[in-house]
2 protein chains.
Amino acid sequence: MGQTKFWYLSTNRLFHDLPEKDKMEIMPMLKETRIGKKEFVFSAGDKAETIYILKEGRIKISRFSEEGRELTIDMLDPGDFFGELVLAGEEERETCAEALEDSYICAISRKNFEDFVSKRPALSFKITKWIGGRLKRIENRFESMIFQDVHSRVMATLQDLGMKYGVPVQDGILITVKLSHQEIANLIGAARETVTLELNSLKDSGEILMEGRKFILPSKRTL
Amino acid sequence: MGQTKFWYLSTNRLFHDLPEKDKMEIMPMLKETRIGKKEFVFSAGDKAETIYILKEGRIKISRFSEEGRELTIDMLDPGDFFGELVLAGEEERETCAEALEDSYICAISRKNFEDFVSKRPALSFKITKWIGGRLKRIENRFESMIFQDVHSRVMATLQDLGMKYGVPVQDGILITVKLSHQEIANLIGAARETVTLELNSLKDSGEILMEGRKFILPSKRTL
DNA sequence: CAATTTTTGTAATCTCCATTACATATTTAT
DNA sequence: ATAAATATGTAATGGAGATTACAAAAATTG
């Protein structure tokens, strides 16, 4: 299990190129926990004092309106870290983190993490890049929310997923994760029914293909 | 003028508590430029290699759609820095930076800035906080865009402005900057006409008061 | 493999807000 | 001061997409 954790540090986006010595130093500060599917790592309003690394599984970061509508901020994969906004001075969580499947996470206290990082400028840079990357992505989605209609937003989302989870197949790029219509709706700020309609019209027009319940982005060809 | 720059470093949010010695070191790397009202510091697509600090004036960060619609990302005041996303790996600007009035900015190359910061962990932390703060604000606006109608978004915007630029007066909080209806519209992703209508209905209902062309957020009292 | 729960399909209705189209007021430039 | 440019006011029309309300299909679970 210590071994596993060590291995894990090697795949993590932030830590993989740390010197062995540093890995040994941070390891004992990481506490591994199992989070069952549909359980929450934290919820809006919780006191924020921990940074997490997703080791195995999938985690969804989202916000809820008073009426219970959901906006998905991000979907995380193994190696991603989350709860990072405590580093930016967050005191109460503004988001919720929910496991989409049984997951394993490593937790480290803000204090320990900051001490560790403050001695390693290169790591600090990576964190800036990480958070900056999230900022850029959110800005892009914000823009697309304002300038584009549901049709374009659904397509943009599938394209993003294609970049991240796509594998080339016969007729195009297969998106290897399955997302319910509701989940797509939560990503683009639309009603589930509207997404269903849009998706079906995309199928009809050939803009997307299906392989079972998964989507394929067809490689462009002159029809 | 060197003196001015030195003074400036003392008011800047990132640098003000740097040791004198460090201020002396970074000073020669800062190049001061004047930007006339309505001029652009940079535009989307420009090569990104510089970080700026706003010394005097006001700068607006925005994005444009193909059809020329505008989304305002941020409004900056003296002491703020911008173009920071080069630190997060941005290679081409995704936003535009336009002077809302005659302004003075200090520019520093990415290389110089990174070298300087990498030797100063405390500064590095501040940058993380800065960018994280922007991330939080954008996420909040994104959420409000999705969950709330124009009425609430206008009110939320005025409330934000009140926090930032408000001074207490007789009947409430006076917002000391003037924003055109169009500018508010660009902040909340609405049509200018809709904002005009909404603003007038807010006046009628007493939810806001006017002092000339400026807004007052009335201190709550039981009507 | 039933039985439940979750997801998807479809259609009618309704609503908020964009669009269009000007009129008028206010500010800025000459 | 006068002209030109910007900002604001108002109203009619239209449309994208939310809401509501079910039915049917899939996927989970006991």
Side-chain angles (χ1 to χ4, degrees), chain A residues 36-39 60 65-72 98-102 144-158 175 177-205 208 210-215, chain B residues 36-39 60 65-72 98-102 144-158 175 177-205 208 210-215:
Chain A
K37 183 172 175 172
K38 291 187 188 174
E39 281 174 28
K60 175 175 68 174
S65 73
E66 277 108 51
E67 309 88 60
R69 290 177 59 202
E70 180 176 354
L71 166 64
T72 302
E98 180 189 358
L100 296 175
E101 44 192 76
D102 292 353
S144 126
M145 188 65 217
I146 303 246
F147 295 147
Q148 298 185 299
D149 61 11
V150 167
H151 172 95
S152 308
R153 269 142 60 206
V154 169
M155 275 312 285
T157 302
L158 293 179
I175 296 170
V177 289
K178 54 179 159 30
L179 283 181
S180 70
H181 298 182
Q182 185 64 63
E183 280 169 310
I184 295 175
N186 294 344
L187 280 167
I188 65 172
R192 196 275 309 167
E193 294 81 348
T194 308
V195 171
T196 298
L197 249 35
E198 188 55 47
L199 245 17
N200 288 331
S201 110
L202 286 172
K203 282 178 214 166
D204 292 348
S205 70
I208 59 176
M210 299 301 291
E211 168 128 345
R213 319 235 92 211
K214 294 186 180 146
F215 303 102
Chain B
K37 183 172 174 171
K38 291 189 188 173
E39 282 175 28
K60 175 176 69 175
S65 73
E66 277 108 50
E67 310 87 60
R69 289 176 60 202
E70 181 176 352
L71 166 65
T72 301
E98 181 189 357
L100 295 174
E101 45 190 75
D102 293 352
S144 126
M145 186 66 217
I146 303 246
F147 294 146
Q148 297 183 300
D149 61 10
V150 168
H151 174 95
S152 309
R153 268 142 61 204
V154 169
M155 275 313 284
T157 302
L158 294 180
I175 295 171
V177 289
K178 54 177 161 29
L179 282 182
S180 70
H181 298 182
Q182 184 64 63
E183 281 170 308
I184 296 175
N186 293 343
L187 280 167
I188 65 171
R192 194 275 308 165
E193 294 82 347
T194 308
V195 171
T196 298
L197 248 38
E198 188 55 48
L199 245 15
N200 288 331
S201 108
L202 288 171
K203 282 178 215 168
D204 293 348
S205 70
I208 58 176
M210 300 301 292
E211 165 128 344
R213 319 236 89 212
K214 294 188 179 144
F215 303 103

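Per chain, numbering begins at 1; letters A, B, ... match sequence-line order.
Of the candidate nucleotides C:dA18, D:dA18, C:dT10, C:dT10 has the atom lying nearest to any side-chain atom of A:Leu197. Nearest to the side chain of A:Glu193, among C:dA18, C:dT8, D:dT19, sits D:dT19.
Two residues are said to be in side-chain contact when any heavy atoms from C-beta on lie closer than 4.5 Å; A:Leu202 and A:His151 meet this criterion.
The residue from A:Val195, A:Leu197, A:Thr196 that alone fulfils the side-chain contact (heavy atoms from CB on, under 4.5 Å) condition with A:Leu199 is A:Val195.
Between B:Lys203 atom NZ and D:dT10 atom P there is a gap of 9 Å when expressed in whole angstrom units. In this structure, A:Asn186 places its CG atom 12 Å from P of D:dA18, rounding to the nearest Å. As a whole-Å value, the separation of B:Leu100 CG from D:dA7 C1' is 16 Å. Rounded to a whole Å, the CG atom of A:Leu199 is 9 Å from the P atom of C:dT8. One atom, CE of B:Met210, and another, C1' of D:dA7, lie 13 Å apart when rounded to the nearest Å. Atoms CD (A:Glu101) and P (D:dT28) sit 12 Å apart, rounded to a whole Å. Distance CG (A:Asp149) to C1' (C:dC17): 15 Å, rounded to an integer number of Å. One interatomic measurement links the two molecules: NZ of B:Lys178 to C1' of D:dT8, which rounds to 15 Å at whole-angstrom precision.
Panel note: side chain A:Asp102, backbone A:Gly36; no donor-acceptor pair is recorded below 3.5 Å.
Using a 4.0 Å heavy-atom criterion, one finds that A:Gly212 contacts no nucleic acid atom at all. Residue contacts for B:Arg192: at a heavy-atom cut-off of 4.0 Å it reaches a base atom on one of the strands shown.
Residue-to-nucleotide proximity on DNA chain C shows that, of A:Leu179 and B:Thr194, the 5′-proximal contact is made by A:Leu179.
Under 3.5 Å, the side chains of A:Thr157 and A:Arg153 contain no donor-acceptor pair of N or O atoms.
Side-chain N/O atoms of A:Asn200 include one lying less than 4.0 angstrom from OP1 or OP2 on C:dG9. For D:dA27, one of the phosphate oxygens OP1 or OP2 lies less than 4.0 angstrom from a side-chain nitrogen or oxygen of A:Arg213. Side-chain N/O atoms of A:His181 include one lying less than 4.0 angstrom from OP1 or OP2 on C:dG9.
To the nearest 0.5 Å, atoms CE (B:Met145) and CZ (B:Phe147) are separated by 12.5 Å.
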